[in-house]
Amino acid sequence: MNVELTPRHLQLRDLLFRRWKTAGLKAGDKIESQNEITKFCDFSLITVIKTLKDLEAEGVIRRQVGRGSFLEKAPWAEAHHRVGFFYNRNIVGGGIFNNEFYTRLVIALERGIVSDGHEFVMGSFTHDKMPVTFWDRLDMVVLAGITDETDISALGQTTSQVSVLDATLDLPGIHSYGLDYGPAFEEMFARLGNRPNRVLYLDTVHLSSEQASRLEKFKAACAASEAVQILRIAEVNQEDQTADIVPLEETIAEFQPDLICGYMHHRWHARMAEALAKPVRIYPYGLDSHRPGFVVESGAWLKTVLPTIYQNLDDRPGEGGVHTFPAHFVY
């Protein structure tokens with residue numbers, strides 16, 4: 001049945017759908033009474049009654065005298081999902097496809113989502129602004145590049161299910177999918193055996209819970225090594241390939257490390273080696289890499305992430321959670 005709605009009725013309809021979608025209501029669930037609806041919105045009782053009657057005429061709700069009103073169908077809930085991947089432009093300033101890590105992540109994520117029969121959408125956000133209105137048109141969004149500088153207040157405003165990659169957020173209903181590099185660090189030092197080394201760890205200037213955790217786990221693995229490891233830490237902006245790395249080259253020339261580990265742009269490798277008067281082993285963070293370093297297999301990681309994301313969508317509302325996936329060391 002076609003129902004003609006006025007702008008006010010459309011506004012209320014949108015508000016109710018947002019509320020019911022966020023609450024995870026499914027067909028058969030009871031909805032608020034018309035009097036309860038007037039208490040949480042600024043629409044008149046007449047507008048509320050008319051909107052509910054229209055929704056009943058469309059078959060969206062079912063009203064039973066003496067029992068209340070129930071959701072008959074959820075227009076926003078379909079077996080076919082629209083999944084969005086959004087990255088932080090403040091972190092990936094040169095563009096996502098100029099970043100090896102994010103390029104591999106996008107390819108793996110899109111392949112997994114499309115092969116599961118869903119629609120994949122890609123976009124971006126900044127430290128200061130997130131496209132919440134657009135996210136409301138999606139079923140779920142997967143975010144990457146959130147740091148301590150990112151304003152995350154908007155995450156509680158969207159009806160879309162929110163998941164965060166490579167970050168940990170302690171917020172209701174949000175699931176964080178982090179990477180555990182602790183085992184990879186321990187494996188590296190175990191391979192070094194009882195040989196002492198001068199170790200330079202490159203820590204990113206983009207501060208976050210993940211960055212801090214990785215630094216602490218690297219320190220712990222270094223301290224637990226069989227041999228005494230001399231550790232120095234230097235800060236770098238690995239996302240900016242045009243960054244001046246002369247200070248880093250000077251640190252390398254002065255410290256003369258045996259190992260350089262951590263965050264780095266792949267174009268720095270040759271210059272870092274040239275700053276040394278001896279051979280050096282370079283172990284960066286990597287995704288699907290066969291080069292030496294601390295590596296995560298994106299396919300295996302996302303095989304654990306995507307089923308959980310789909311399940312969280314079915315089980316809304318639900319508590320948030322923190323999920324981790326181990327990296328491994330490529331020697």
Side-chain angles (χ1 to χ4, degrees), residues 14 18 21-22 76 81-114 118-179 204-214 237-243 263 265 285 287 296 298 301-302 305-306 308-310 312-313 316-317 320-323:
D14 181 63
R18 285 175 56 87
K21 178 183 175 184
T22 303
W76 58 86
H81 299 310
R82 298 189 71 205
V83 183
F85 172 79
F86 291 80
Y87 66 95
N88 189 341
R89 291 200 308 275
N90 291 125
I91 300 299
V92 194
I96 192 168
F97 292 112
N98 287 326
N99 182 292
E100 184 178 12
F101 182 92
Y102 281 100
T103 298
R104 292 180 179 276
L105 182 60
V106 168
I107 292 172
L109 190 63
E110 180 180 21
R111 183 185 297 120
I113 290 171
V114 173
H118 306 302
E119 182 178 352
F120 179 80
V121 179
M122 191 174 77
S124 62
F125 61 94
T126 66
H127 283 322
D128 302 320
K129 189 172 183 179
M130 295 182 173
V132 175
T133 302
F134 178 66
W135 289 354
D136 286 344
R137 302 171 191 168
L138 307 177
D139 298 298
M140 61 187 94
V141 293
V142 181
L143 310 182
I146 291 179
T147 73
D148 291 352
E149 296 181 71
T150 310
D151 180 1
I152 59 175
S153 60
L155 296 183
Q157 301 170 15
T158 180
T159 61
S160 187
Q161 177 74 45
V162 178
S163 296
V164 179
L165 295 181
D166 203 21
T168 301
L169 299 181
D170 185 16
L171 293 174
I174 293 181
H175 285 259
S176 302
Y177 299 88
L179 297 171
T204 177
V205 297
H206 300 295
L207 305 182
S208 68
S209 56
E210 298 301 295
Q211 162 268 329
S213 174
R214 288 169 194 169
N237 183 358
Q238 80 285 356
E239 301 295 351
D240 184 3
Q241 60 180 306
T242 66
Y263 297 89
H265 196 282
Y285 291 114
L287 196 67
V296 173
S298 64
W301 181 29
L302 293 178
V305 171
L306 289 177
T308 309
I309 288 178
Y310 301 145
N312 294 337
L313 186 64
R316 298 180 65 186
V322 176
H323 316 268

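Leu143 places a side-chain heavy atom less than 4.5 Å from the side chain of Trp135. Annotation: side chain of Thr158 is not in contact with side chain of Val141 (no heavy-atom distance under 4.5 Å). When side chains are defined from C-beta on, Leu155 counts as touching Leu169, because their heavy atoms get closer than 4.5 Å. No side-chain heavy atom of Gln161 sits under 4.5 Å from any side-chain heavy atom of Ile309. Between Tyr263 and Gln211, some side-chain heavy-atom pair lies under the 4.5 Å cut-off. At least one side-chain heavy atom of Leu165 sits under 4.5 Å from a side-chain heavy atom of Val305.
Scanning for salt bridge (Lys or Arg N to Asp or Glu O under 4.0 Å) contacts around Glu149 gives an empty result, with sequence neighbours left out. Under the side chain to side chain contact (heavy atoms under 4.5 Å, CB included) criterion, Arg82 pairs with Glu119, Val121, Arg137, Leu138, Asp139, sequence neighbours left out. For Ala154, the side chain to side chain contact (heavy atoms under 4.5 Å, CB included) partners two or more places apart in sequence, or in a different chain, are Met130, Val132, Gln157. The side chain to side chain contact (heavy atoms under 4.5 Å, CB included) check on Asp148 picks up Leu207, Ser208, with sequence neighbours excluded. Applying the side chain to side chain contact (heavy atoms under 4.5 Å, CB included) criterion to Asn98, with sequence neighbours excluded, gives Gln241. With sequence neighbours left out, Ser209 forms a side-chain hydrogen bond (donor to acceptor under 3.5 Å, both in side chains) with no residue at all. Residues meeting the ring pair (Phe, Tyr, Trp, His ring centres under 6.0 Å) test with Tyr177, sequence neighbours left out: His323. When the ring pair (Phe, Tyr, Trp, His ring centres under 6.0 Å) test is applied to Phe120, no partner is found at least two apart in sequence or on another chain. Scanning for side-chain hydrogen bond (donor to acceptor under 3.5 Å, both in side chains) contacts around Thr168 gives Glu210, with sequence neighbours left out.
Applying the salt bridge (charged side-chain N to carboxylate O under 4.0 Å, His left out) test to every pair with at least one member in residues 151-173, sequence neighbours left out, gives these pairs: Asp166-Arg214. The stretch residues 120-130 participates, sequence neighbours left out, in these side-chain hydrogen bond (donor to acceptor under 3.5 Å, both in side chains) pairs: Asn88-His127, Arg89-Ser124, His127-Thr150.
For Asp136 (side chain) and Thr159 (main-chain N/O), a donor-acceptor pair under 3.5 Å exists by modelled atom type.
Summarising the geometry, atom OH belonging to Tyr102 is positioned 13.0 Å from atom CZ belonging to Phe97; distances are rounded to the nearest 0.5 Å. Interatomic distance, CD1 of Ile146 versus CD1 of Ile152, reported as 7.0 Å (0.5 Å rounding).
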Let me check something: any side-chain donor-acceptor pairs from residues 104-114 under 3.5 Å, sequence neighbours excluded? List them with distances.
{"unit_1": "Arg104", "atom_1": "NE", "unit_2": "Leu287", "atom_2": "O", "d": "3.3"}

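Taking all atoms of both residues into account, the shortest heavy-atom contact from Gly178 to Trp301 is O-NE1, 4.2 Å. The two residues Ile174 and Val164 make their nearest non-hydrogen contact at CG2-CG2, 3.9 Å.
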Intermediate values then yes/no, ring-ring contact (aromatic ring centres under 6.0 Å, His included), Tyr310 and His118
CA-CA 11 Å; Tyr310 301 145; His118 306 302; 4.9 Å; yes

